[in-house]
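Below is one structure, written out as structure tokens; comments come after it.
Order of listing sets the numbers, starting from 1, for every ligand and every atom in it.
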Amino acid sequence: MSESSDKVIGIDLGTFNSCVAVVENGTPVVIANRGGYQVTPSMVAITEAGKRLVGHIAKRQAVTNAENTVYAAKRLIGRKFASPQVSNAASTSPFKIVEGPHGDCRIQLRDKIYSVPEISAMILQDMKLIADEYLGHEVTRAVVTVPAYFNDNQRQATRDAGQIAGLDVIRIINEPTSAALAYGFGKNIDRTVAVYDLGGGTFDISVMEISSSGVFKVISTAGDTFLGGEDFDQRVINWLVEGFQEEHGIDLRQDRMALQRLKDAAEKAKCELSAVVETEVNLPFIISSARNEALHLQRLLTRAKLEELTADLIDRTVKICEMTLEEAGLATDEVEDVVLVGGMTRMPRVQQAVTKFFEREPCKGVHPDHVVGLGASIQAAALVDDSPEMDMVLLDVTPHTLGIMVSGGYFEEVIAQNSTVPTSETKPFTTVRDDQTAVKILVLQGESRRAEENELLGEFALTGLRKAPAGEVEIEVTFEINADGIVSVFAKDLDTGKEQSITVTASSGLTEDEISAMMDDANDYAVARKADEEIEGAKQEATILVAEIEKLFPEVEKVVAGSDFGREALDKARVVIARAQTLMDRGDAASLKEHIDALQRTQRMFKGVVGKAD
Ligand code: AMP
């Protein structure tokens, strides 16, 4: 296999933006899309005509097609419909969130219902196509990043998304680890580093040790999957909405279009306030009054006000940092470098809070939007390239405690939070009732002592136990976490040696059949996109040729007007141009491509007539 066809890409599948990168000649590079953008909005829309739009084009039409444009799907991935986080998102999203057949949440766009992994797959597929185009061949393998705090369901769902997109996700790595990898790669340093990652939807903090021998070891990690830039936007939206209500007595939240415009304006103002100290939010014709007058929203927002509105959000990130350092057994001055990741770290108040807490300025020279994707590409290359410069070891940790439910509804830990993965732990349990012949193993993830408050990852039963008094039959439960953070559980009856196991598949996820149907749809899209590209290319070529022929027309007319042959040639040329126009209007790529020959012939003939033959 050639070096290039062996390439594995790294994808940062972000809440708001995604980024794809690849290592070329030992250097990680971000791949720009066709428009020249290095990051692509993680947005998907379905147009009135049923066409799928992804990325910038989806973002551009979001205001006019708010109900059918999905953003921040990552906040919903791997979550149950009934979870408070989904209810919260459902109440503020312009698109419709509905309950799926597995208690999962799904998204309705026009008349079709999509699973969340399917939406994420559309974004991943776009990233794949960007890489395909850049590398000049199809890429089939990728390393995808997820927030460190993602639980097993969320990881599995991300993996499903890769599969639907036609990508073999060979490794899932945590975003902060990925950032540290990009930061430390090729630097030959021995350092304790904190990665503070505040993105559009999630907050993560990781403390890790980077060693010059190429070992990247996470010591501790924590975060909040529902704390990010969107919450900052929401604060601004609320402030605008409340102000408007006071002034006009109208609740703008009732109007989806107004809400989408407010969302855009709030985010824009927030970003602007990273550079200036005040900005005006100006939304003309935001809504009509009861008397049908057009009302406008106009309000000055200062940086100080934004900081006041969001102070508690920033404080929450600092608290999590505090906890993480404590967990790692480190004092703040033992952290030697702080790396900032995520668009929100451009906010001056965030930088000040980080500087104050860690008592040092964060590192410069790390691009907060690219660093995660670059790290993923480094890990991708390291997995397939055995040259010494790509020699590195990533030692991540499990962000949650894993265990099972025991009698009384309690949660019994098997693997502790922040254990280095891959890992495996075994614990003995016994039957709790006389003559108990089966045990049900409920696999849970979380930090609560009460089982029901933790996330249920899966369940299975161990049957055929020997009848005996309670406590006599011993069962050994083993938990294994692989390098992707995905969990397998085995239970063994020590009496009979009988064993049962499960690889925990997302209980709120998708079945294999569903995934395969979605893969077919994704494939259709790739074909449709290819067809789009073909027609666009042919149209461009034809348009140039037609313009050149039309430009030469008057001159040619002058030269050949006297002869019948000449007039005939001119008539023919007119027919050729008209047909090109028809084929372009019809979007018939195949016929247009064939017709380009006729256009070229005409152009050559015209050039010959006026003496400009090339
Ligand atoms: P990410 O998920 O890393 O792409 O971060 C996206 C988040 O960063 C969004 O909430 C953006 O509004 C926010 N963001 C981007 N640029 C800025 C900026 N200059 N100032 C404040 N927030 C920003």
Check your understanding: Between Ser274 and ligand 1, is there a nitrogen or oxygen pair with a distance under 3.5 Å?
Key -> yes
Exercise for review: Check whether any side-chain N or O of Glu336 sits under 3.5 Å from a backbone N or O of Thr192 as a donor-acceptor pair, and report yes or no.
Suggested key: yes
Check your understanding: Going by an N to O cut-off under 4.0 Å, is there a salt bridge joining Arg316 and Asp312?
Key -> no
Review point. Can an N or O of Asp369 be found at a distance shorter than 3.5 Å from an N or O of ligand 1?
Key: no
Check your understanding: When you measure from atom 12 (O) of ligand 1 to every protein heavy atom, which one gives the shortest distance, and what is it?
Key -> Glu267 OE2, 2.6 Å
Review point. side-chain hydrogen bond (donor to acceptor under 3.5 Å, both in side chains) with Tyr196: which of Thr317, Asp204, Thr324?
Key: Thr317
Practice item. Give yes if a backbone or side-chain nitrogen or oxygen of Met344 is under 3.5 Å from a nitrogen or oxygen of ligand 1, and no if not. Key: yes
Check your understanding: Can you tell me the protein heavy atom closest to atom 4 (O) of ligand 1 and the distance?
Key -> Asn17 ND2, 3.4 Å
Review point. Going by heavy atoms in the side chains, are Leu252 and Leu297 under 4.5 Å from each other?
Key: yes
Review point. With distance as the sole test, does Lys7 use its side chain to make a donor-acceptor pair with the main-chain N or O of Val23 at under 3.5 Å?
Key: yes
Point to revise | Identity and separation of the nearest protein heavy atom to atom 16 (N) of ligand 1 | key: Arg346 NH1, 3.2 Å
Point to revise | Which residue and heavy atom of the protein sit nearest atom 10 (O) of ligand 1, plus the separation | key: Lys270 NZ, 3.0 Å
Revision key, fill the gap. A student comparing Gly200, Gly229, Pro368, Gly343 should find that the heavy atom closest to atom 2 (O) of ligand 1 comes from Gly200
